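I have placed the structure first, in the form of structure tokens, so that the comments after it can refer back to it.
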Amino acid sequence: MRRYFARKIGIYIVAFWFAGTVDFLVPRLMPGDPVQSYLSNFIGANTTVTQYRAMYSAFAKAFGLNVPLWDQYWHFWDGVLHGHMGISISQSSLPVTSVIRGAAIYSLILLVPAIVLAYVLGNRIGAMAARRKVLDNTVLPIGYLFQASPYPWLALAVAFYLGAVAHWFPIGSGYAQNLLPSWTNWHFIVSVMYHWFLPFLTVFLVSFGGWAIGMRSLVIYELETDYARYLRALGASQRLVRRYAYRNAALPQLSGLAIQLGTVIGGNVVAEVVFQYPGLGHLILQAADSQDYFLLMGIFLFIIIGVLVANFVIDIAYVMIDPRTRLAMQGAQA
Amino acid sequence: MSANPGPARAAGSSTPAPVATGSPGEELDELPSAAPAPQGPGERLEKGALAGAQAAPVAPTPTLAAGAPAVRLGRQRWEFLHYALRNRKLVFGFSVELVFVLAAIFGPLAAPYSSAGDSSSAGVPLKDQCAAFFCASGMTTHPSAHHLLGMTYFGGDVLSIMLYSLRETYLVGFLGALFAGIIGLALGFTAGWRGGWLDDILQLFTNVVITMPALVLLIVIGAYVKIHSPLFEGIFIGATSWPWVARAVRAQTFTLRERDFVDLARLSGKGGVSIVLKDIAPNMASYLFLVFILLFSSSMLLSVSYDFLGLGPTNVVSLGDMMNSAMLWSALNLKAWWWFIPPGAAMALIVFGLLISNIGLDEVFNPKLRES
Amino acid sequence: MSLKVDNLRITYRTLRGDVKAVDGVSFSVSDGEIMGLAGESGCGKSTLGNSLVFLEGRMRHLGGRAELDGRELPIADTRAMNEYRMRQVSLIPQYAMSALNPTRKFGKMAAELLKSRGVRFATVEEELRRRLGLVGLADNVLNLYPFELSGGMRQRATMVLSTILNPSLLIADEVTSALDVSTQRAVGEMLMEFRERGFVKSMIVITHDMSILAQIADSILVMYAGKLAEKAGSDTVVNNPLHPYTQLLLASLPEVGVRYDTSALVGIPGRPPSLLHPPAGCRFRARCPFAFEKCTEDPPFMELQPGHQVACWKAMKDAGLDIGPAVPPAAAVGEEASR
């Protein structure tokens with residue numbers, strides 16, 4: 001057990017290191033001078049060369065760009081590990097970490113329910129489709145259509161038909177504009193839920209079809225496996241055979257969930273942008289547009305951490321439901 | 001199978017393929033793939049399969065079953081055609097694809113409001129005005145006899161813009177698939193053929209990259225580097241979508257490596273590269289073809305999202321750009337559905353067609369699936 | 001009379017058409033008999049055996065009947081058949097080593113299976129443990145997952161589970177194929193012991209391995225291309241086969257009692273006919289060194305000596321039977337078409 005998790009955690013650490021290094025290197029390796037392009041936001045026509053130089057070196061120092069690359073790298077990790085990610089210039093100079101914290105809540109309440117619900121319902125419906133022809137003939141093409149739909153289109157279509165045309169739900173923003181964000185205010189929370197629904201629906205639809213199709217095929221596959229044939233030959237009830245098939249099919253689906261996380265997050269970014277929903281996806285795009293590099297780097301790392309944590313949770317769940325992994329691990333431990 | 005609807009894997013893009021997905025020693029490295037196997041690939045594929053986006057998880061289903069040594073190719077090709085033409089999924093998918101490809105190639109020539117003017121018109125970013133040069137007058141207009149798909153806010157003819165955009169999206173999708181394919185094949189073959197520590201390192205690298213959310217990574221890169229051409233967009237997309245290909249190819253190579261004909265090649269003193277390219281790759285050809293189709297779909301979808309976020313090439317118009325400008329210019333509030341529904345629908349149909357032909361091809365390549 | 005099969009016809013659906021895998025087969029198995037069912041792969045022996053337990057999706061029952069202990073088996077009605085499975089007729093499948101659900105402990109799977117058959121696990125648990133012990137499996141296999149058992153252990157566990165309700169007839173499909181010679185013997189002995197102890201009344205052992213049949217079977221039924229070729233007591237079949245196919249099959253063995261596998265059958269030149277459109281007349285004709293004009297007609301499955309049935313014109317002629325004149329080929333074709 002320990003060895004298995006040690007290995008997994010090893011991969012996650014390397015992944016985190018990789019993401020951090022990308023985060024660190026991309027701005028430094030790319031053509032152009034970030035300080036210069038950053039300063040161009042501030043200098044006016046009457047800024048003198050001396051003033052400019054002074055500003056340049058001040059900012060270079062503030063950004064820690066005035067030391068050798070290795071030292072910068074060292075400082076970078078030191079900052080990351082201590083939670084100092086710098087300040088966000090586009091968000092009233094707040095610390096990046098607190099800006100992220102503010103937006104992360106919105107993303108989490110969007111992503112977690114959407115992913116879980118799409119996974120659970122998709123698997124259920126896929127399993128049902130595997131045994132009912134009528135359902136199968138509808139679920140399958142619809143599932144493939146959803147899989148084939150570009151996210152922006154799904155998001156726009158949801159926003160248009162359920163928002164702009166039907167007026168069932170608002171589009172744009174994460175809460176009514178006349179409210180101040182406060183998670184203790186009941187009105188605010190209701191407003192958030194109301195604004196939350198359409199982006200949630202979009203993210204849900206993004207992955208739902210894939211789960212249904214996947215489960216359908218897996219269950220059909222499982223129903224053809226030797227143990228299923230054997231059980232039928234011994235007259236076991238359909239219920240028992242299906243229960244086994246469903247349970248065994250759930251295993252690869254679960255590992256698929258880990259792989260799908262990145263995709264769903266992509267869909268989430270698009271949905272947040274379409275609905276102007278104040279989560280991390282919306283924020284990271286704003287940061288990119290306004291060249292708020294610290295914020296950009298911070299969000300990227302935060303998302304990676306989120307993905308890695310989710311992966312770890314899935315690993316644990318997998319171990320709990322798959323006896324093979326579990327026992328193999330105990331064996332390794334003994 | 002009495003109880004099942006449909007052919008076993010029918011749709012399965014998913015279905016597990018009897019391929020070796022997992023491979024020796026791998027169990028503890030990734031979530032153990034299902035066990036008994038659905039043998040791997042298939043299953044996971046689905047989800048991603050299409051990748052739905054964007055990151056197709058594991059491989060497609062095809063099996064190696066069909067892959068007998070190339071000697072019988074002649075007869076096989078004939079058989080292939082025989083089944084291909086009788087496979088309704090394949091015929092449907094290919095027809096859809098053919099229509100769109102022809103539209104992309106010849107569409108711009110025939111576009112009702114095409115060629116007029118050039119992009120010199122003003123310093124307004126082209127994508128923002130969505131190629132205002134296609135236009136006639138101002139304001140969005142409902143679809144009509146003159147403008148089959150209506151007009152944009154800038155009076156651009158939606159149909160004409162779409163025909164131009166198709167090309168870009170196809171191009172980026174193709175380039176993305178090409179680069180992802182090259183990287184995935186190179187790493188997969190190397191890892192699968194060499195094994196040992198090199199395999200360990202490449203697998204670690206693959207496992208690491210697979211956890212990176214592609215779109216987010218692309219946003220970060222895009223923040224520093226302005227993409228000026230579809231080529232760059234293709235490279236970036238390819239650089240983030242190869243991991244599942246590497247995994248799948250590695251697993252396949254692992255199994256093929258043990259086959260007799262490979263031993264024979266080895267005994268005859270052929271070098272590793274030559275064996276991989278001349279003996280192993282041809283035996284995976286049908287499989288690789290399916291992989292490419294999935295990559296093509298996922299690259300196009302990813303590029304649409306990317307362009308939609310405004311990060312794509314600045315000097316061309318793509319389907320994603322169309323939806324981007326529709327959103328920026330309040331097509332939602334103007335209720336100008338014809339501005340964003342058709343480009344998205346075209347994309348969805350294209351990918352849908354590819355997916356369906358993928359399933360069809362799988363059935364054709366894999367004799368086992370034909371039975372159903 | 002335990003099992004009586006009468007003119008059974010089963011097809012196997014493929015994309016190219018229906019394969020007539022079992023084409024009008026009649027035989028019987030008496031109480032306490034172990035009947036071997038032999039033939040090349042693809043001759044329909046497995047389809048025949050499996051059809052008596054479970055018709056898989058692609059198998060179709062075209063006609064004929066099977067009667068077990070005086071009651072007709074509703075072969076074509078998979079639901080009605082459920083009642084008979086495991087209790088009256090049971091199966092040790094070809095894939096016995098992978099027949100257990102990989103994510104359930106063996107004991108739990110057995111309990112759930114029995115429960116779904118309306119049997120309380122507690123009532124048979126004691127007996128299950130006893131029989132597991134009999135085949136050399138310790139009690140604790142009930143608490144183990146299949147992947148914790150070796151292939152041979154899984155197979156034995158499957159054998160015990162299949163027979164726990166004391167079925168009247170057991171179909172053992174290629175149970176020895178994947179094993180090495182000494183294990184084959186042990187499994188063969190287990191099957192015999194199952195019969196001695198009354199776990200099963202009679203048994204059909206499907207295999208392409210004549211040597212194992214020589215060891216355990218009371219009688220041997222040889223199939224060729226969907227039809228019966230020869231049936232007799234196993235000594236008779238091994239020492240005095242009358243059908244040229246059986247003779248060649250045995251001749252391709254280095255020596256009875258030594259294992260051969262399918263590749264050895266290459267010893268018989270030619271290949272069996274396609275069962276999509278089987279030729280009229282004796283199906284072994286094209287490969288038979290003794291074929292003559294009469295062989296364009298379907299040979300009847302005749303009892304030439306007491307307890308020894310053969311479907312071969314030459315054998316009948318040698319036995320001194322009047323087989324009548326050869327029908328000209330054209331007429332034979334006409335007859336075929338008119339059917």
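Not measured: the values here are computed from a predicted model. Throughout, a chain's letter reflects where its sequence line sits, starting with A, and its residues are numbered from 1.
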Quiz item: Within the distance-only criterion (no hydrogens, no angle test), does the side chain of A/E272 pair as donor or acceptor with the backbone N or O of A/G281 below 3.5 angstrom?
Solution: yes
Quiz item: Would B/Q203 and B/N207 count as having a side-chain donor-acceptor pair, cut-off 3.5 Å?
Solution: no
Exercise. Kindly say whether the aromatic ring centers of A/Y293 and B/Y224 come within a distance under 6.0 Å.
Key: yes
Quiz item: Among A/V219, A/V264, A/V14, which residue forms the greatest number of heavy-atom pairs with chain B at distances under 4.5 Å?
Solution: A/V14
Quiz item: Who among A/G10, A/G266, A/P150 has the most heavy-atom pairs with chain B under 4.5 Å?
Solution: A/P150
Practice problem: Check whether A/F16 gets within reach of chain B through its side chain, its backbone, both or neither, counting any heavy atom under 4.5 Å. | Solution: neither
Quiz item: Which region of B/A345, side chain (C-beta onward) or backbone (N, CA, C, O), has a non-hydrogen atom less than 4.5 Å from a non-hydrogen atom of chain A, or is it both or neither?
Solution: both
Quiz prompt | Between A/Y151 and A/N268, a side-chain donor and acceptor under 3.5 Å | solution = no
Quiz prompt | Which atoms of B/I341 approach chain A - backbone, side chain, both or neither, heavy atom under 4.5 Å | solution = both
Quiz item: Distance only, no hydrogens: is a donor on one side chain within 3.5 Å (strictly under) of an acceptor on the other, for A/Q260 and A/S207?
Solution: no
Quiz item: Will you find, in the side chains of A/Q253 and A/Y119, an N or O donor that is under 3.5 Å from an N or O acceptor?
Solution: no
Quiz item: Is the B/W242-B/F205 ring centre distance short of 6.0 angstrom?
Solution: yes
Quiz item: Non-hydrogen atoms of chain B under 4.5 Å away: do they reach the side chain of A/I299, the backbone, both or neither?
Solution: neither
Quiz item: Below 4.0 angstrom, N of the basic side chain to O of the carboxylate: do A/R229 and A/E224 qualify?
Solution: no
Quiz prompt | Options B/V216, B/L349, B/L354, B/I350, ranked by heavy-atom pairs under 4.5 Å with chain A, top entry | solution = B/V216
Quiz item: Can the ring centroids of A/F160 and B/F340 be said to lie less than 6.0 angstrom from one another?
Solution: yes
Quiz item: By a 4.5 Å heavy-atom criterion (distance strictly below it), what part of A/I284 contacts chain B: side chain, backbone, both, or neither?
Solution: both
Quiz item: B/L217, B/I356, B/L319: which one forms the most heavy-atom pairs within less than 4.5 Å of chain A?
Solution: B/L217
Quiz item: Relative to chain B, which segment of A/L156 carries a heavy atom at a distance below 4.5 Å: side chain, backbone, both, or neither?
Solution: both
Quiz item: Under a 4.5 Å heavy-atom cut-off, does chain A meet the side chain of B/L218, its backbone, both or neither?
Solution: neither
Quiz item: Of the backbone (N, CA, C, O) and the side chain (C-beta and beyond), which part of A/L261 lies under 4.5 Å from a heavy atom of chain B, both, or neither?
Solution: neither
Practice problem: Measure A/I171 against the heavy atoms of chain B and call it side chain, backbone, both or neither at under 4.5 Å. | Solution: side chain
